[in-house]
Structures are given as C-alpha cells and as structure tokens.
Amino acid sequence: MKLCDSELKNRPVWQKAGYVLPAFDREKIRKATIDEPIWVHFGAGNIFRAFPAVLQQQLLDAGLSRKGIIVCEGYDYEIIRRLYKPYDDLSLLVVLKPDGRIEKRVVASVTESLVADTDAASDWQRLKEIFRKPSLQMASFTITEKGYSVSDPQGRYYPEVLEDFSAGPASPVSFMGKIASLCYERYKAGELPLSWVSMDNCSHNGEKLYHAISTFAREWANRGLVEPGFPEYVDDPGKAAFPWSMIDKITPRPDENIKNQLEKEGFESTEIICTDKKTYAAPFVNAEEPQYLVIEDIFPNGRPPLEKAGVIFTDRDTVNRVEKMKVCTCLNPLHTALAIFGCLLGYTSISAEMADPRLRRLVERIGYDEGLPVVVDPGIINPGEFLREVIQIRLPNRFVPDTPQRIATDTSQKLPIRFGETLKAYMQSGEGASHLTYIPLVFAGWCRYLMGIDDSGRTFEPSPDPLLDQVKQHLEGIALGATGPFEDRLRPILNDPKLFGVSLYDAGLADKVLQYFARMVSGPGAVAALLSELFDA
C-alpha cells in the first residue's frame, strides 16, 4: 500500500488492513476547489494535517461540503517538495489511543499544495489568482507564534521587513510581507471580504496576524506604494476579519515505532525526513485523540460548516477565556514544567515523566492547587474536567511519543503567558502571590536548566530559544557544588517582567526561587533530592 491516488483505487486492500478511506470523489472535489476555492491554509506541518485538514475531510465525507483545502508553506518549502507532491497531497493520520490501539485515516481533503515563494513564479501567480477569487472564505494559519513577528524583542523591524516596506507588495521577501501582498490582491479585486484565521497556539492570535498585515498596509500606504484605501480595508471587519481562536491537539514528531508498525501491515509510505530547516515529518502524522478548536465567529464571506465537525464557534471574549484556561492554567504550564524537569532528569518522554510520582504530583499541584483557584472559566468547557483529562489521560498516554526536549523549545517566550497571567491574577486579587510554592519551583528549575548540565552532571544542549544566549550568560561560571550567594547573578533574570509576566521581586517570589535554585545547584542529584523532599509522601 502506497500513499497515492492510483493505489487508493484498490479500496478492499486498504479497508481489510483497517484504514479509513475518503468517502468522496476526490477528482470532482479537486476540480471544484481549483475553480472556486473557499479555504487556503498557510503552514503545511503536522498540526494542519492532523487537525484542520481532517475537519474538512469530515465535511466532505458527510456531503456537507464540495470543496477541499489548498495548502501553502511559507517557511520550509522542502515539506511541499518531499511530503506533498510525491504523495498526491495525501497524508495518513494515525490516532494514538491511550489503550495502545491506533486508528488510521487517509486524509485527502488537500487538493493543491503550493509554496509562498515569490521566486517560484507559477506558485506565486497561483496564490494571487486564489486571493482574487470571490469564492474564497478563509485563509488560516498554523505557522507558530514567531511567524507573525515583524520585529525583534526590542521592537526593531527585521531587515527583510524593512526591505519589503521600501520595495512594496510586488515581490516581498518576508513571510508576513507576502501575506500582506496577497491581502492587497484581494483589495484590488474589489475589496473582497475574507476571514484571516490564525489557528496558532498563542494568546490573541488574531490580533497578532492583524498587527502584521496592518503594519505593512500602513507602511506601504505612507510611501505611496499601494492605494490609500488599503489600510482602511484591513481595518474593516466587514471586509477583513481577524478572529481569535484556541487550538489544542498534541502532534509530536513522527515516531519510529509507528513507522515500523505501519510497515509490518504493508504500508510503504513511511519515510521520516528531517529537512534542512530541522522540520521532522513523514507522510504519516501520529497524534493524540483529544482535540479542541474554538473560533470567534467572524466570517464576512461565509465559512464551511465546521461546527458539524466539532469546532466551537463563539464570541471573542469566550475564545479569550478558553485560551487563558488552557494556556495559562490547565495544559501549557504543566507541559512547560515537565519539559524543564524532564531535561534536567534525563527523560526523553512526557509519558514516562508522568509515571514518576514526583513529577506527576508537581503538575497536579501546579494545576489544582495554584492554577484552578484563579482560573478563567470560559463557560463552554469546564476547567476542572479539562485539567483532569490532561493529567489522567493526555499527558500519561505512553503511545504519544512527545518529548520534554521538544516542549522546552522557546521557553523564554512561553513563561510570561503560561505562568505570568496566574501571578497577575493573584497579585490583583489582593491575596498576593508570595504563598505560591510550585510555580517558583518551575522558575528555579528553568534557571538551573539554563546551565546546560543535567542532574547527574552531564552537559546537554538546551532546546532552541531566541533569548537563550542572553539569559544563560547570567549562569556562566556557576558549577554544580557552588554555594552562592546567587542573587547578584540571577537578579537580571528574576526582575525581568518580559520573562515571567511580572518582576518576581514585585510578586514576592524572588527569594523563594533563589532558595530553590541554591538547593538544585548544590551537587549531582540535588534536583531529584529536592523533588523527593517536596513530593514523596
């Protein structure tokens, strides 16, 4: 069994092996989508193939839509060349059940794959054609939070962005410049309406996307490089809408064990690749079963009936509350805690960490004791039930091959949101945050992690992080067995509200973090000893 249109015609072979196949005429869907596209998605990676692409497939299977999705990659063009084109834009979703069973579904909702590269003339021309189509309803994104940025942490525009400001929308270099250029194509085609939907796992994602596009629109208009009405078009939600959303589904790197299992069943399209840009992917995607997608319902040109596939459409305030519940309390802080201590203790699996009673108690205490008392209740998802699912089902799922090293990526960007909002809630309540025990333990653990030495004394390479070099310099020269004091060295970190959302001195937590850090740096095995002291009952 190979992943291509011609092989899928032999349906009995696939079905006998337990594969769920598309229930629609793909050629008819492809032609209809090319003629009158409704949905283009930017970001061709694993989360897209495991979630949005499958949602549209559910609608196609049920006869609730007759259009597929056009996918476009704007960062790692190799994904399109090596994982889409050779497989006729098909993919295989492998759902990993907690009991070890797997569900295999061939995903065929993608009808066309492109690269957002102005040097690839045919693809760029096709993209401009798509955005001039009145039928287009939605442009969605899973490009990571960094993808929306037009400036560095100090607010300085990136060189390629400045280049695009000066050159105009004809042939942009930066990714957001390309998106703004496509938006301008839609404006010139008659100010056609469109919803621009960020589905990335970051706070106020629609606002980030709006800011990037509107920045280009204004810069170009100020230079006389676009028609003067373009910025007003971007600002009009009746024409250009930027809904907020919350997405939740764990889609780790493709796993060798899954690859081997598929090959034993006769599935041949299993090559796991690592691109030049360090993207790990395969023709198959392995993912957990639970998933959530909540979207602000602003679609000036209509939208697919995705609520029939489980998407929750609501208002902006509710989306914001759901996002805060998940990102600031019930999932992401727990993930970050496990990432930090997993790297220090030599774990390579999130599920294995959850089998460590000390680490399980750590995330329970962060979630139940310190998070839930100030949780934002969205009303449409119960925070306590969501948290229980995370701790009891999702994180312990040993068949989801996720790693602390992957989760530890960009930790400096995650801490202020995943923990800072909880600190602010306590400080604003009048109760204060100084009584907290486990969140400052995570902060101390991160400082210890920055040393690049695990608990046994072995060096390790911290995961990529844009502020890694800046913050780890404060730890240089501190070795295991050091006795401190460490306050002068760590003050620039602990006092930085950009790192934790607030100054830890203002929160009354700096001394506690320093004490924990001193314990964890006292020698080999000190991290494990402190966790045992706190959590062995």
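We number each residue from 1, following the sequence as shown.
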*Asks:* Compute the centroid of each ring, for Phe165 and then for Tyr157, and state whether the two points are separated by less than 6.0 Å.
*Replies:*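 Yes.
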
*Asks:* Do Arg394 and Glu288 sit within salt-bridge range, that is, some charged N less than 4.0 Å from a carboxylate O?
*Replies:*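 Salt bridge: yes.
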
*Asks:* Please examine the side chains of Thr336 and Phe419, heavy atoms only from C-beta on, and report whether any two atoms are closer than 4.5 Å.
*Replies:*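 Yes; the side chains approach each other to less than 4.5 Å.
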
*Asks:* Please enumerate all residues that pass side chain to side chain donor-acceptor pair (under 3.5 Å) together with His41, with sequence neighbours excluded.
*Replies:*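 For His41 the side chain to side chain donor-acceptor pair (under 3.5 Å) partners, ignoring immediate neighbours, are Ser140, Thr142.
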
*Asks:* Salt-bridged, Lys31 to Asp25, with N to O below 4.0 Å?
*Replies:*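 No salt bridge links Lys31 with Asp25.
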
*Asks:* Would you say that Phe216 contacts Ser181 through its side chain, given a criterion of any heavy-atom pair below 4.5 Å between the two side chains?
*Replies:*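 They are not in side-chain contact.
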
*Asks:* Tell me yes or no: between the side chains of Asn205 and Ser245, is some donor less than 3.5 Å from an acceptor?
*Replies:*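 Per modelled atom types, Asn205 and Ser245 side chains form a pair under 3.5 Å.
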
*Asks:* Does the side chain of Tyr148 come under 3.5 Å of the side chain of Ser198 through a donor N or O and an acceptor N or O?
*Replies:*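 Side chains of Tyr148 and Ser198: pair found under 3.5 Å.
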
*Asks:* Can you tell me how far apart SG (Cys328) and CZ (Arg321) are? Round to the nearest 0.5 Å.
*Replies:*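 Interatomic distance, Cys328 SG to Arg321 CZ, rounded to 0.5 Å: 14.0 Å.
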
*Asks:* Please answer whether the main-chain N or O of Leu96 pairs with a side-chain N or O of Asn286 as donor and acceptor at a distance below 3.5 Å.
*Replies:*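 No.
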
*Asks:* Taking atom types as modelled, is there a side-chain donor on Asp89 or Ser113 under 3.5 Å from an acceptor on the other?
*Replies:*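 Yes, Ser113 and Asp89 have a side-chain donor paired with an acceptor closer than 3.5 Å.
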
*Asks:* Is any side-chain N of the basic residue among Asp255 and Lys259 closer than 4.0 Å to the acidic one's carboxylate O?
*Replies:*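 Answer for the salt bridge query: no.
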
*Asks:* Nearest 0.5 angstrom please: Ile102 CD1 to Leu262 CG, how far?
*Replies:*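 One gets 5.5 Å once the value is rounded to the nearest 0.5 Å.
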
*Asks:* Show the nearest heavy-atom pair for residues Gly177 and Asp164, with the distance to one decimal.
*Replies:*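 Heavy atoms of Gly177 and Asp164 come nearest at CA-OD2, 4.0 Å.
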
*Asks:* Between the side chain of Lys104 and the main-chain N/O of Ala17, is any donor-acceptor distance below 3.5 Å?
*Replies:*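 Checked: pair present.
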
*Asks:* Using the rule given for side chain to side chain contact (heavy atoms under 4.5 Å, CB included), can you reason through Lys67 versus Trp39, listing the C-alpha separation, both sets of side-chain angles and the distance that settles it, and then say yes or no?
*Replies:* CA-CA 8 Å; Lys67 305 288 181 64; Trp39 184 355; over 6 Å; no

*Asks:* Are Glu289 and Lys97 ion-paired here, with the side-chain N under 4.0 Å from a carboxylate O?
*Replies:*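 A salt bridge is present here (some side-chain N lies under 4.0 Å from a carboxylate O).
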
*Asks:* Give a yes-or-no answer on whether the side chains of Gln56 and Ser65 include a donor-acceptor pair shorter than 3.5 Å.
*Replies:*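 Checked: Gln56/Ser65 side chains pair up, N/O donor to acceptor below 3.5 Å.
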
*Asks:* Can you tell me if Ser463 and Gln405 form a side-chain donor-acceptor pair at under 3.5 Å?
*Replies:*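 Not at all, the side chains of Ser463 and Gln405 share no donor-acceptor pair under 3.5 Å.
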
*Asks:* Is it true that Arg303 and Asp297 have a side-chain N and a carboxylate O under 4.0 angstrom from each other?
*Replies:*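 A salt bridge is present here (some side-chain N lies under 4.0 Å from a carboxylate O).
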
*Asks:* Under a 4.0 Å threshold between the charged nitrogen and the carboxylate oxygen, would Glu36 count as salt-bridged to Arg66?
*Replies:*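 Salt bridge: yes.
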
*Asks:* Given the ring of Phe131, does Arg126 sit roughly above its face, with NZ or CZ under 6.0 Å from the centre of the six-membered ring and within 45° of the axis?
*Replies:*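 Not flagged: Arg126 not positioned over aromatic ring of Phe131.
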
*Asks:* Looking at Asp410 and Lys146, is any side-chain nitrogen of the basic one under 4.0 Å from a carboxylate oxygen of the acidic one?
*Replies:*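 Yes, charged N to carboxylate O under 4.0 Å.
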
*Asks:* Looking at Asp248 and Lys326, would you say the former's side chain and the latter's main chain have a donor-acceptor pair under 3.5 Å?
*Replies:*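 Not a single qualifying donor-acceptor pair exists.
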
*Asks:* Keeping to residues at least two apart or across chains, list the salt bridge (Lys or Arg N to Asp or Glu O under 4.0 Å) pairs with something in residues 4-18.
*Replies:*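 Output for this query lists Asp5-Arg26, Asp5-Arg30.
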
*Asks:* With no hydrogens and no angle check, do the side chains of Asp76 and Thr279 hold a donor and an acceptor under 3.5 Å apart?
*Replies:*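 A donor-acceptor contact under 3.5 Å links the two side chains.
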
